[in-house]
Number of protein chains: 2
Amino acid sequence: MDTQPGLPMFDLPLLEETPIARADATRNRARILAAAERLFAARGAACVSMDEVAEAAGVGKGTLFRRFGSRAALALALLSEHESCFQESFIRGEPPLGPGACPTDRMSAFGEARLDLLDEHAEVLAAAEVGPARFSSPPYAVHRLHLTLLLREADPDCDAEYIAEVLLASLGSDVFMYLREGRGLSLEQLKSGWRQLVQRVVPAAAVS
Amino acid sequence: MDTQPGLPMFDLPLLEETPIARADATRNRARILAAAERLFAARGAACVSMDEVAEAAGVGKGTLFRRFGSRAALALALLSEHESCFQESFIRGEPPLGPGACPTDRMSAFGEARLDLLDEHAEVLAAAEVGPARFSSPPYAVHRLHLTLLLREADPDCDAEYIAEVLLASLGSDVFMYLREGRGLSLEQLKSGWRQLVQRVVPAAAVS
DNA sequence: CACACAACCGGACCACGGTCCGTTTAGTAC
DNA sequence: GTACTAAACGGACCGTGGTCCGGTTGTGTG
């Protein structure tokens, strides 16, 4: 379902699955997601093996990996609802996150919202953003495009592509967990740091 | 030659090994390092397993892991010479990398030097900086402290701790490999992006 | 030189993520 | 209902990083 006609859009490609035909396939998919969610919530994503997920779902290991391809992809699927919601907010939502506010404010709001997401799902996100696959995930591409456009709008002279990547790197789940747990920073401190960073990277912001 | 009088002076703890007593231990350590270096250079670090390293070194797997603890630590040890040299350069070397230049220029030079290091040893660095251990390695601590001091010197009002972490995240091996191979950026483009980033993060730079 | 003990050695072993392939089954056409 | 096929199933299997522990060996002491 399209949300709004007329908007150009990057119709969030997000994570479309191949159209599943057979009934047992969809059923098993649902079982796996349910089992994974339960186990991850109960014991922490890092302490749950794929074998356990398969067994809890009453499904063979082969089935699990055929449906999701990898542990990271399973975690990504688990987060798809939250991620969709996040994307909806900064693409078509209310200001300052959505359109209407000035680019700088939107970037600040973007980071704060992402930090909230991290705060709530840090473990699952960490499982999803492991390895180089992190940079080729659909959510990453959407976030990158979003930041790039905002940066270009805020300051046409800046190297928007590069700066977008740098900013996103600082919002990665690995950095987040390290700063929270390793350095003992609070969520508020991170948000404050992010706001300051945005203010400094996009100077002045003399934008209509 | 300390960088500046009165500064506490972080005598680069770098990577000190436990004082090795027995002869066979040091001999095996050397064998392992030599074998690893050879194999990594020949086939790429990512395509060499620890079993192979052990066999090539003529040593049991247990010995390999007792000496180095993990694959990441082995990679780190392999890089220790280059890393020492790098640290020497920005702590006691010539300007603009070493003391004498203004903080902004030193930060620019720091990133460029780190990018050169990445360009030359990307694969081994990627093996060393895997997982959360990346943030607890001695080199990371030194780099962080260095950037924090420079930032504080350049602008006492900024959140130096946080910004240092963000800047370092953008110089991680994962981000580097992604930007080079995934996005096709050249080394020069990365250096240029870094310089611009530094200029923007530390505004004006009205420093004595 | 003999002794004793701590340190070291090596390879069997483990858990994990991921793959393979022979078997089963849902859907369809008659 | 029967027959057929493509798709899905599941668990044995693999390579990997990392651990364990019984046996060995270098080294300080008498």
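Convention: sequence-line order gives letters A, B, ...; per-chain numbering from 1.
- Atom-to-atom, CD1 of B:I32 to C1' of C:dC9 comes out at 11 Å; the value is rounded to the nearest Å.
- Using a 4.0 Å cut-off on heavy atoms, none of the residues of residues 33-48 of chain B approach DNA chain C.
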Contacts table for residues 167-174 of chain B: side-chain donor-acceptor under 3.5 angstrom, sequence neighbours left out:
unit_1	atom_1	unit_2	atom_2	d
B:S170	OG	B:L167	O	2.7
B:S173	OG	B:E129	OE1	2.8

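- Atom-to-atom, CG of A:L74 to P of C:dC16 comes out at 15 Å; the value is rounded to the nearest Å.
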Dump the intermediate steps for salt bridge (charged side-chain N to carboxylate O under 4.0 Å, His left out) on A:R106 and A:E153, then the final yes or no. CA-CA 11 Å; A:R106 290 189 71 187; A:E153 188 184 347; 5.2 Å; no
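- If you check every strand for non-hydrogen atoms under 4.0 Å, A:S49 touches sugar and phosphate atoms only.
- Panel note: side chain A:S192, backbone A:E188; no donor-acceptor pair is recorded below 3.5 Å.
- Scanning all heavy atoms of the two residues, the minimum distance from B:E83 to B:P139 falls at OE2-CB, 3.5 Å.
- B:R71 has no side-chain polar atom (N or O) that falls below the 4.0 Å cut-off from OP1 or OP2 of D:dG18.
- Between the side chains of B:Q199 and B:R195, no donor-acceptor pair of N or O atoms lies under 3.5 Å.
- Atom C1' of nucleotide C:dC13 and atom CZ of B:F65 are separated by 14 Å, given to the nearest angstrom.
- The closest donor-acceptor contact from the side chain of B:T63 to the backbone of B:V59 lies at 3.5 Å or more, if one exists at all.
- When all heavy atoms of A:L125 and A:R114 are compared, the closest pair comes out as CD2-NH1, 4.1 Å.
- Here the nucleotide nearest the side chain of A:K61, chosen from C:dC8, D:dT16, C:dG18, is C:dG18.
- Atom-to-atom, CG of B:L64 to P of D:dG18 comes out at 10 Å; the value is rounded to the nearest Å.
- A residue-by-residue look at A:M50 and B:G58 shows that B:G58 has its nearest nucleotide of DNA chain C further toward the 5' end.
- Listed by first and then second residue, the ring-ring contact (aromatic ring centres under 6.0 Å, His included) pairs involving residues 110-132 of chain A are A:H82-A:H121, A:F86-A:F110, A:F90-A:F110, A:F110-A:H143, A:F110-A:H146 (not counting sequence neighbours).
- Counting to the nearest Å, the C1' atom of C:dA15 and the CG atom of A:D51 are 8 Å from each other.
- The interatomic distance linking A:E52 (CD) with C:dG17 (C1') rounds to 13 Å, in whole Å.
- Remark: B:Y140 engages A:Y178, B:F135 in a ring-ring contact (aromatic ring centres under 6.0 Å, His included) (not counting sequence neighbours).
- At the phosphate of D:dC20, neither OP1 nor OP2 sits under 4.0 Å from any side-chain N or O atom of B:R66.
- Residue B:F68 contributes atom CZ, which lies 14 Å from atom P of D:dG18 at whole-angstrom precision.
- We find that CD of B:E55 is positioned 14 Å from P of D:dG15, with the value rounded to whole Å.
- At the phosphate of C:dC8, neither OP1 nor OP2 sits under 4.0 Å from any side-chain N or O atom of B:N28.
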Under 3.5 Å, N/O pairs linking protein and nucleotides 27-30 of chain C:
unit_1	atom_1	unit_2	atom_2	d
C:dG27	OP1	A:A23	N	3.2

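- For residues 42-55 of chain A, the pairs satisfying side chain to side chain donor-acceptor pair (under 3.5 Å) are A:R43-A:E52, A:S49-A:E52, A:D51-A:K61, with sequence neighbours left out.
- Within the structure, every side-chain polar atom (N or O) of B:R27 is placed at least 4.0 Å from both OP1 and OP2 of C:dC8.
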